[in-house]
> 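I am attaching a structure below and will ask some questions about it afterwards.
Each chain gets a letter, A, B and so on, in the order the sequences are listed, and its residues count up from 1.
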Amino acid sequence: MNPSREAILARIRAHKPSPVPPPEIPAFAPAREDTVAWFQATLEAVGATWAWAEDTPLSPEWFEKHYGAGLRIVGVDPDWAITDNPVDSQTPLAELNKIDVAVIPGKLGVAENGAVWVDETCVPQRILPFITQHLILTLRANQIVGTLHQAYQQLAVAETGFSIFIAGPSKTADIEQALVKGAQGARTTLVVIKS
Amino acid sequence: MNQHATKAKAFIQDEARTNWHDEALWFIRAKRDQATALVAEWEALRELASGIKDHVLGNLDQYLEQFSERAIANGVQVHWARDAREHNQIVLGILQQTNATRLVKSKSMLTEECGLSDYLVENGVSVVDTDLGERIIQLREEPPSHIVLPAIHLKKEEVGELFHEHLGTPAGLSDPTQLTEAARHHLRDHLVGCDAALTGVNFAIAETGGVVVCTNEGNADMGVHSAPVQIHCMGIEKIIPRAQDLGIFIRVLARSATGQPSTVYTAHHHRPRPGTQMHIVIVDNGRTEQLGRPDFRNSLKCIRCGACMNTCPIYRRSGGHSYGTTVPGPIGSILTPGFDLKQHADLPFASTLCGSCSDVCPVKINIHEQLYQWRQAVVEAGLADPAKVQTLNLSGAILAKPWWYRITGRLARLALRWAPRWLVYNRWNTWGQDRELPPAPRESFQDWYRKKHKA
Ligand code: SF4
């Protein structure tokens, strides 16, 4: 027995109010029905960008045009075979820290906040979406829902050891409220939507 | 005594700066208003968030037990701390056991409250705060002035000077983008080379045993996924029953805090990576005491969004440091008296009781009513400012007798018109300091009303 645990629980039992039932969460209708367009608009509002997969070849020329030449690009979306810089669960942190662009498949998108759900099974190492300088998330249009309520209804958050909603690039406004993208995580986030 | 008024007075000496601070916070309040206006069911969400928290408080023991059982089953090591001291010892113990000497920390008000960083540094651990704002104030060796925007009190030139001194940025550089870039490189070195990473917790899910951490910068995730040891510290009140409830809380948290639809990162941690350790430290530190105070237990529903600070006319014009507490502003003024009423007896008075805090609070805490109730507790405990008590006693006596009230009112109107300046504007009349009193009317409201109704 852990004495601190027992002491805390005993004090809670002695002090807590009489229990009330949990409220019923109603099914809130999403604010918009054009879910994909809503998702795209929110991405823009939160400082991310988006593109249709057909317009996004993710070819060497495409990367060079959009991100620059001589970059280290890592792709772990099975739909896009990018094999230049293979990353696995053993790749050392120092190597991961040199990645310029990472292409990662997402599992679900949320229109109201522009978030993409990524879990542990999407990446060889949990740190990949954060340590890369630029992030590309891919998603199928039919994986996008309107609200966070709908998202959490579909998701099993404890299915994997780690999972996350990513809504846009890393950002901060800690210096005089000036919004700066690229704080500690990815500097840009592009969401590629497969129709 | 804390002396909020004295420190606030020092803060407002610089009028331009006070106005700048006031406007910076009001700008965030305005963004909150825009974001919440876009959600048709906003009021229903607040009601639900409040209702879920009420339900949690009444079943907190069961939910904590459930949470810790599930977490342990997930391979997490769960620790319990009765107070700040025990919390700090537990964290140090974890670090010592794993030979960790370089700790990176993301934002956690709880560890501020416990004084963790100082304790660890005294015990030979290097601690680096990795949220930009937190790093700024850590380098300045001062506490945060806001729970969401720790460096909101600083100007970019001051950050520039600080970074010039500590990070070697060029002298005179004050561009936020360039300063943030310099901090990014500086912090990446620490994040990628750390031995252990510690975060606060926004929500702890009882049914799954996982913790949810919300950030914008990505610093929490950079640390946690680099480190061989991850530690999450949470107050007992962070529990929510089900993952479903996140739909409510994530929807209200960032909208209330900064007007964003959500933070950039909403991380759900359930199990450690293979070969690493995950620890959760559950902390009481006065919370069970607050739970036993029927008038004040509602304050435990707080999700630390900071909206009550951004909207508060006193906070905006006195700055977070004037409160002398870990959590400043309206919510701090109802939480902190519970720790030490004598020390913080003046905080419930650092308010106009306008109620704006209660109006914006996403979990519907009756903040201004609790401020009022704490005032009564302060007076009952004999801790009120004697000058205030005397004035109130005198006013009470006058107001109790209508004829007395009418006579004193007439005398005051006469005096204000005819008395020499020094008699009205002196150090005993605080209402005459720093402001001109309005011209006294010739008749009282009552006289005016009677006349009007006769006519
Ligand atoms: S009291 Fe309410 S408004 Fe203030 S920080 Fe807590 S949740 Fe936000």
> Looking at CD1 of A:I12 and CD1 of B:I236, how far apart are the two atoms once the value is rounded to the nearest 0.5 Å?
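If I round to the nearest 0.5 Å, the distance is 4.0 Å.
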
> Salt bridge check, B:R251 against A:E112: does any charged N sit closer than 4.0 Å to a carboxylate O?
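Yes, this pair counts.
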
> With the side chain counted from C-beta on, respond yes when B:I248 and A:H149 share a heavy-atom pair under 4.5 Å apart, and no when they do not.
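The answer is yes; the side chains approach within 4.5 Å.
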
> Does any heavy atom of chain A fall under 4.5 Å from the side chain of B:P241, the backbone, both, or neither of them?
neither

> Can you tell me if CZ on A:R140 sees more than 12 non-hydrogen neighbours from other groups inside 6.0 Å?
no

> B:V224 and A:F162: side-chain contact (heavy atoms from CB on, under 4.5 Å), yes or no, with the steps?
CA-CA 11 Å; B:V224 162; A:F162 170 70; over 6 Å; no

> Based on non-hydrogen pairs under 4.5 Å, which of A:A151, A:A45, A:A178, A:S163 is most in contact with chain B?
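Of the options given, most contacts go to A:S163.
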
> In Å and rounded to the nearest 0.5 Å, what is the CD to NE2 distance from A:Q184 to B:H190?
11.5 Å

> Among A:G161, A:P21, A:A48, A:G114, which has the most heavy-atom pairs under 4.5 Å with chain B?
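Sorted descending by pairs with chain B, the first entry is A:G161.
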
> Go through the atoms of B:L300 and report whether side chain, backbone, both or neither lie under 4.5 Å from a heavy atom of chain A.
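No part of B:L300 comes within 4.5 Å of chain A.
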
> Using 0.5 Å steps for rounding, measure from the OG1 atom of A:T172 to the CG atom of B:L132.
4.5 Å

> In Å, rounded to the nearest 0.5 Å, how long is the span from CG of B:L179 to CG of A:D174?
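Taking CG in B:L179 and CG in A:D174, the distance rounds to 12.0 Å.
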
> What are the two closest heavy atoms between A:G168 and B:V264, and how far apart are they?
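The answer is O-CG1, 3.3 Å.
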
> Which heavy-atom pair separates A:L9 from B:E65 by the least distance, and what is that distance?
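Closest approach of A:L9 to B:E65: CD1-CG, 3.6 Å.
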
> Measuring heavy-atom distances to chain A, does B:Q178 have an atom under 4.5 Å in its side chain, in its backbone, in both, or in neither?
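Neither part, no heavy atoms under 4.5 Å.
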
> I'd like to know which of B:Q260, B:H79, B:E41, B:H185 tops the heavy-atom pair count under 4.5 Å against chain A.
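Looking at each option in turn, the highest pair count goes to B:E41.
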
> May I ask you to name which of B:H269, B:K155, B:K53, B:R297 has the most heavy-atom pairs under 4.5 Å with chain A?
B:R297

> Can you tell which part of B:L246 gets under 4.5 Å to a heavy atom of chain A, answering side chain, backbone, both or neither?
both

> Take B:H225 and A:V123 through the test side-chain contact (heavy atoms from CB on, under 4.5 Å) and record every step on the way to the result.
CA-CA 12 Å; B:H225 308 311; A:V123 283; over 6 Å; no

> Using heavy-atom distances under 4.5 Å, tell me whether B:E47 contacts chain A through its side chain, its backbone, both, or neither.
neither

> Within the 4.5 Å heavy-atom criterion, are A:H15 and B:R287 side-chain neighbours or not?
no

> Is chain A contacted by the side chain of B:A81, its backbone, both, or neither, given a heavy-atom distance below 4.5 Å?
backbone

> In terms of heavy-atom proximity below 4.5 Å to chain A, should B:A40 be classed as side chain, backbone, both, or neither?
neither

> Give, as side chain, backbone, both or neither, the part of B:R70 having an atom under 4.5 angstrom from any heavy atom of chain A.
neither

> Kindly give the heavy-atom pair with the smallest separation between A:R11 and B:D284, and that separation in Å.
NE-OD2, 4.0 Å

> Is A:Q125 close to chain B through its backbone or its side chain, or both, or neither, when contacts mean heavy atoms under 4.5 Å?
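Contact with chain B is absent: no heavy atom of A:Q125 under 4.5 Å.
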
> Classify the ring geometry of B:H268 against A:F165: parallel below 30°, tilted from 30° to 60°, perpendicular beyond 60°.
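Perpendicular: the ring planes of B:H268 and A:F165 meet at over 60°.
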
> Need one label for B:E181: side chain, backbone, both or neither, based on atoms under 4.5 Å from any heavy atom in chain A.
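Contact with chain A involves the side chain of B:E181 alone.
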
> Which heavy atom of A:Q177 sits nearest a heavy atom of B:L149, and at what distance?
NE2-CD2, 3.6 Å

> Start with the C-alpha distance between B:L45 and A:F28, add both sets of side-chain angles, then the distance that settles side-chain contact (heavy atoms from CB on, under 4.5 Å), and finish with yes or no.
CA-CA 10 Å; B:L45 291 179; A:F28 292 112; 3.7 Å; yes

> Find out whether A:P26 and B:L48 are in side-chain contact, i.e. whether some heavy atom of one side chain is under 4.5 Å from a heavy atom of the other.
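When only atoms from C-beta onward are counted, B:L48 and A:P26 do touch, with a gap below 4.5 Å.
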
> Under 4.5 Å, counting heavy-atom pairs only, tell me which of B:G75, B:A254, B:G133, B:G218 racks up the most with chain A.
B:G133

> I'd like to know which of B:G210, B:A24, B:S226 tops the heavy-atom pair count under 4.5 Å against chain A.
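Between B:G210, B:A24, B:S226, the count favours B:S226.
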
> Mind checking the CG-NE2 spacing from A:D119 to B:H270? Nearest 0.5 Å is all I need.
12.0 Å

> Around B:R85, counting heavy atoms of other residues, nucleotides and ligands shown, do more than 12 lie under 6.0 Å from its CZ?
no

> Is B:E158 close to chain A through its backbone or its side chain, or both, or neither, when contacts mean heavy atoms under 4.5 Å?
neither

> When you measure from the side chain of B:E217 to the backbone of A:A183, do you find a donor-acceptor pair of N or O atoms at a distance under 3.5 Å?
no

> I need the residue from A:V46, A:L93, A:T42 with the largest number of non-hydrogen atom pairs under 4.5 Å to chain B.
A:L93

> Find the distance between CD1 (A:I131) and CG (B:D221) and round it off to the nearest 0.5 Å.
12.0 Å

> Could you tell me which portion of B:R188 (side chain, backbone, both or neither) has an atom closer than 4.5 angstrom to a non-hydrogen atom of chain A?
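Side chain only.
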
> Could you tell me which of A:S4, A:P19, A:A14 has the largest number of non-hydrogen atom pairs under 4.5 Å with chain B?
A:S4

> Side chains of A:I8 and B:I282, heavy atoms from C-beta outward: is any pair under 4.5 Å?
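No. Closest side-chain heavy atoms not under 4.5 Å.
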
> Any chance you could lay out the side-chain contact (heavy atoms from CB on, under 4.5 Å) test for B:S68 and A:R5, step after step, and finish with the verdict?
CA-CA 10 Å; B:S68 104; A:R5 174 185 191 271; 4.2 Å; yes

> Which region of B:S50, side chain (C-beta onward) or backbone (N, CA, C, O), has a non-hydrogen atom less than 4.5 Å from a non-hydrogen atom of chain A, or is it both or neither?
neither

> Examine whether an atom of A:E24 lies under 4.5 Å from a heavy atom of chain B, and if so say whether it belongs to the side chain, the backbone or both; otherwise answer neither.
backbone

> Minimum heavy-atom separation for A:V20 and B:H55, please, with both atom names.
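Nearest heavy atoms, A:V20 then B:H55: O-ND1, 2.7 Å.
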
> Give me the contact list for residues 185-195 of chain A versus chain B, heavy atoms only, anything under 4.5 Å, ordered by residue number.
A:G185, A:A186, A:R187

> Looking at chain A, which one of B:I52, B:V192, B:N219 has the largest number of heavy-atom pairs inside 4.5 Å, strictly under?
B:V192

> State, yes or no, whether a side-chain contact exists between A:P22 and B:V56 at a heavy-atom distance under 4.5 Å.
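They are not in contact (no side-chain heavy atoms under 4.5 Å apart), so the answer is no.
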
> Can you say whether B:L57 sits under 4.5 Å from chain A via the side chain, the backbone, both, or neither, judging by heavy atoms?
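Contact with chain A: backbone and side chain both.
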
> Among A:S18, A:G182, A:A7, which residue has the highest count of heavy-atom pairs closer than 4.5 Å to chain B?
A:G182

> Give the minimum heavy-atom separation between B:T208 and A:A158, together with the two atoms involved.
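Of all heavy-atom pairs spanning B:T208 and A:A158, the closest is CB-CB, 3.8 Å.
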
> Is the count of non-hydrogen atoms from other residues, nucleotides or ligands lying under 6.0 Å from B:K301 atom NZ greater than 12?
yes

> Heavy-atom pairs under 4.5 Å with chain A: which of B:E134, B:M278, B:E207, B:M222 has the most?
B:M222

> Checking B:R293 against chain A: side chain, backbone, both or neither under 4.5 Å from a heavy atom?
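Interface part for B:R293: neither.
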
